[in-house]
> 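Let me give you the structure first, and then I'll get to my questions.
In what follows, every heavy atom counts, from backbone to side chain, and hydrogens, waters and symmetry copies are set aside. Every number for a ligand or one of its atoms is a count from 1 in the order of the listing.
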Amino acid sequence: MEMPSVFVARKLPEEVLKALRTFADVEMWDKEDEVCPRDLLLEKAKTSDALLTMLSDQVDKELLDACEGVKVIANLAVGYDNVDVEYAKEKGIIITNTPDVLTETTADLTFLLLMSAARRVTEAAAYIKEGKWTSWSPMLLAGADVHHKTIGIVGMGNIGRAVAKRAKGFDMNILYHNRSRDTEAEESLGAEYRSFEDLLQASDFVVCMTPLTSETKGMFDAGAFKKMKREAIFVNTSRGGTVVEEDLIAALRNGVIAGAGLDVFENEPIRADHPILQLENAVALPHIGSATRETRFAMMACSIENIKQVLEGEKPLTPVR
Ligand code: DGY
């Protein structure tokens, strides 16, 4: 019997592909660090039964229209702002994502960014490497405390809650803003609900964990940064589109806020001459929130299982609804 065909839009490790090959004929864009060329993706959409896409692939109307026999598109990420979910639904194509498996790993990196920005870790590492360390000095690279401070989490989903759990371990005062109240986080973590404005004004660390939607696009703009404390540190491991980047750069440059820890940007990848990289008070990482070996393998396994389920006529594990 002929096996269904799956196109994988990025080179994945051989052991992962092995699992896919047990139930499908697999074709793959064979580069690890390069986005699959659009023409190739459009061509494979015509002939495949399933696609495994990355967050850097635009699953838009054009691509969905090209899908002649595609039943499922498994997006290798929890976020799916690169996918036109509504149109996929109209076309009867199932979209899946990879929630849960990356929650703790992404929360770890969020906290790492928060601490790195507070304690000036990248500046300090560069200082020692550049041979500038001549003596212990009372105020050398003095940063800000994290413990007992106030963290404001915007977007209290699974990852937001996992960040709050870490904050509780640091005896932080936890505020959150969300579309709906999270009574569980309030009871178990002592998190307090605040309006967006109140949260901005009261937090020492403002952490963006909200997905990118038409409502959250650009929500961190000049007005938002102005409401924050001058000592505030802004952290974003969600999506760069939630921030008006030039406003953030101006706020960091002009001392409107004290610092930032960023794993995501408006247009990724950013280049070495991006203005954010010229700022000493910003710690920038190349979108590695979920990048541990364990978690990336778990995300790939989740995507493969979703494809398998759909191609076998079953319900996927983690459909985007
Ligand atoms: C996601 O899954 O949405 C992250 O941004 C990448 O791991």
> Using a heavy-atom cut-off of under 4.0 Å, does the side chain or the backbone of Leu55 touch ligand 1, or both, or neither?
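Leu55 to ligand 1: side-chain contact only, backbone stays beyond 4.0 Å.
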> Quick one: look up the protein heavy atom nearest atom 3 (O) of ligand 1 and list residue, atom name and how far away it is.
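The protein heavy atom lying closest is Arg239 NH2, 2.7 Å.
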> Under a 4.0 Å threshold between the charged nitrogen and the carboxylate oxygen, would Lys217 count as salt-bridged to Asp81?
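Result for this pair is no, no salt bridge flagged.
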> Looking only at protein heavy atoms, which one is nearest to atom 7 (O) of ligand 1, and how far off is it?
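The answer is Ser290 OG, 2.4 Å.
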> Below 4.0 angstrom, N of the basic side chain to O of the carboxylate: do Arg253 and Glu246 qualify?
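Not counted as a salt bridge, because no side-chain N and carboxylate O are separated by less than 4.0 Å.
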> Got a salt bridge between Lys132 and Glu130, using NZ or NE/NH1/NH2 to carboxylate O under 4.0 Å?
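Answer for the salt bridge query: yes.
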> Tell me the protein heavy atom at minimum distance from atom 2 (O) of ligand 1, and give that distance in Å.
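Result: Val78 N, 2.7 Å.
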> Which of the atoms of ligand 1 are close to Met299, meaning less than 4.0 Å from one of its heavy atoms?
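Contacts of ligand 1 toward Met299, numbered from 1: 7 (O).
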> Check this for me, if you would: do Arg239 and Glu268 make a salt bridge, where the nitrogen-to-carboxylate-oxygen distance has to be below 4.0 angstrom?
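A salt bridge is absent here (no side-chain N lies under 4.0 Å from a carboxylate O).
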> For ligand 1 and Ala77, I'd like to know whether there is a polar contact (N/O to N/O, distance under 3.5 Å).
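N/O-N/O distance under 3.5 Å: no.
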> Using a 4.0 Å heavy-atom cut-off, which part of Leu102 comes near ligand 1: side chain, backbone, both, or neither?
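It is the side chain that gets close, since no backbone atom is under 4.0 Å.
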> Counting distance only, does the side-chain N/O of Arg10 pair as donor-acceptor with the main-chain N or O of Trp29 below 3.5 Å?
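Not at all, since once roles are kept as given, no pair shorter than 3.5 Å links the two residues.
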> What atoms in ligand 1 come closer than 4.0 Å to a heavy atom of His287?
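What qualifies from ligand 1 is 4 (C), 5 (O), 6 (C).
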> Over 60° means perpendicular and under 30° means parallel, so classify the ring planes of Phe196 and Phe220, tilted if in between.
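Phe220 vs Phe196 ring planes: perpendicular.
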